[in-house]
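Remarks on the structure that follows.
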Amino acid sequence: MNKTELIDHIAQQADISKAAAGRALDTVIGGVKGTLKKGGSVTLVGFGTFAVGKRTARTGRNSRTGAAIKIKAAKVPKFRPGKALKDALN
């Protein structure tokens, strides 16, 4: 399912226009991004938790030349599914 299909699904299930569903989805995504950017986490009970993880600096290899390269430390988004989501899949 892509973003357009998700907007269509939201509009149909919530009985709202596609434009309103698109704005709602963009607002939710923006809220999650903003919270993660500040270092917080977002928990949707029954669905899961979005959080920020830290990846340490490390040494990698250039696959063409085999030369060692330095990879900077980075913050990465992580998602941990909730119990209800896991149960729905099994």
Side-chain angles (χ1 to χ4, degrees):
M1 178 180 278
N2 61 31
K3 186 175 179 179
T4 303
E5 293 168 340
L6 183 57
I7 290 171
D8 292 343
H9 179 75
I10 292 169
Q12 184 180 19
Q13 294 296 314
D15 195 26
I16 58 176
S17 71
K18 288 182 184 181
R23 286 192 306 272
L25 181 60
D26 289 340
T27 301
V28 170
I29 292 170
V32 171
K33 281 183 188 178
T35 302
L36 293 178
K37 193 169 187 177
K38 293 177 186 174
S41 65
V42 177
T43 301
L44 303 173
V45 176
F47 184 70
T49 301
F50 296 92
V52 177
K54 294 179 183 174
R55 186 178 293 158
T56 59
R58 61 196 191 279
T59 302
R61 293 250 171 238
N62 181 328
S63 58
R64 287 189 181 166
T65 64
I69 58 172
K70 292 182 180 179
I71 302 171
K72 294 180 181 179
K75 294 178 185 175
V76 293
K78 294 189 175 194
F79 177 74
R80 189 172 62 243
K83 184 178 184 325
L85 180 59
K86 289 179 190 177
D87 291 345
L89 298 176
N90 294 316

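Not measured: the values here are computed from a predicted model.
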(message) Measuring from atom CD1 of Ile10 to atom CD of Glu5, what distance do you get when rounded to the nearest 0.5 angstrom?
(response) 12.0 Å
(request) Kindly compute the distance separating CD1 (Ile7) from CD (Gln12), expressed to the nearest 0.5 Å. (result) 14.0 Å
(request) Return yes if some donor-acceptor pair links the side-chain N/O of Arg55 with the main-chain N/O of Ala74 below 3.5 Å, else return no. (result) no
Name all residues meeting the side-chain contact (heavy atoms from CB on, under 4.5 Å) criterion together with [X]; count only those two or more places apart in sequence or in a different chain, and write none if there are none.
X     : answer
Ala11 : Lys18, Ala21
Ser63 : none
Ala67 : Thr65
Thr56 : none

(request) Check whether any side-chain heavy atom of Thr59 sits under 4.5 Å from a side-chain heavy atom of Ile71, and report yes or no. (result) no
(request) With side chain to side chain contact (heavy atoms under 4.5 Å, CB included) as the test, would you mind laying out the steps for Thr49 and Phe79 before giving the verdict? (result) CA-CA 6 Å; Thr49 301; Phe79 177 74; over 6 Å; no
(message) Taking side chain to side chain donor-acceptor pair (under 3.5 Å) as the definition, give me every residue that meets it alongside Lys3, ordered by chain and number, with sequence neighbours left out.
(response) Asp26
Cluster overlap [X] with [Y], hydrophobic side-chain contacts below 4.5 Å:
X     : Y     : result
Leu44 : Leu6  : no
Met1  : Leu25 : yes
Ile29 : Val52 : no
Val42 : Leu85 : yes

(message) How close do Asn2 and Thr4 get, counting heavy atoms only, and between which atoms?
(response) OD1-N, 3.1 Å
(request) Determine the minimum heavy-atom distance between Ser17 and Ala20, stating which atoms define it. (result) OG-N, 3.1 Å
(request) May I have all residue pairs that pass side chain to side chain donor-acceptor pair (under 3.5 Å) and include part of residues 67-84, sequence neighbours excluded? (result) Lys83-Asp87
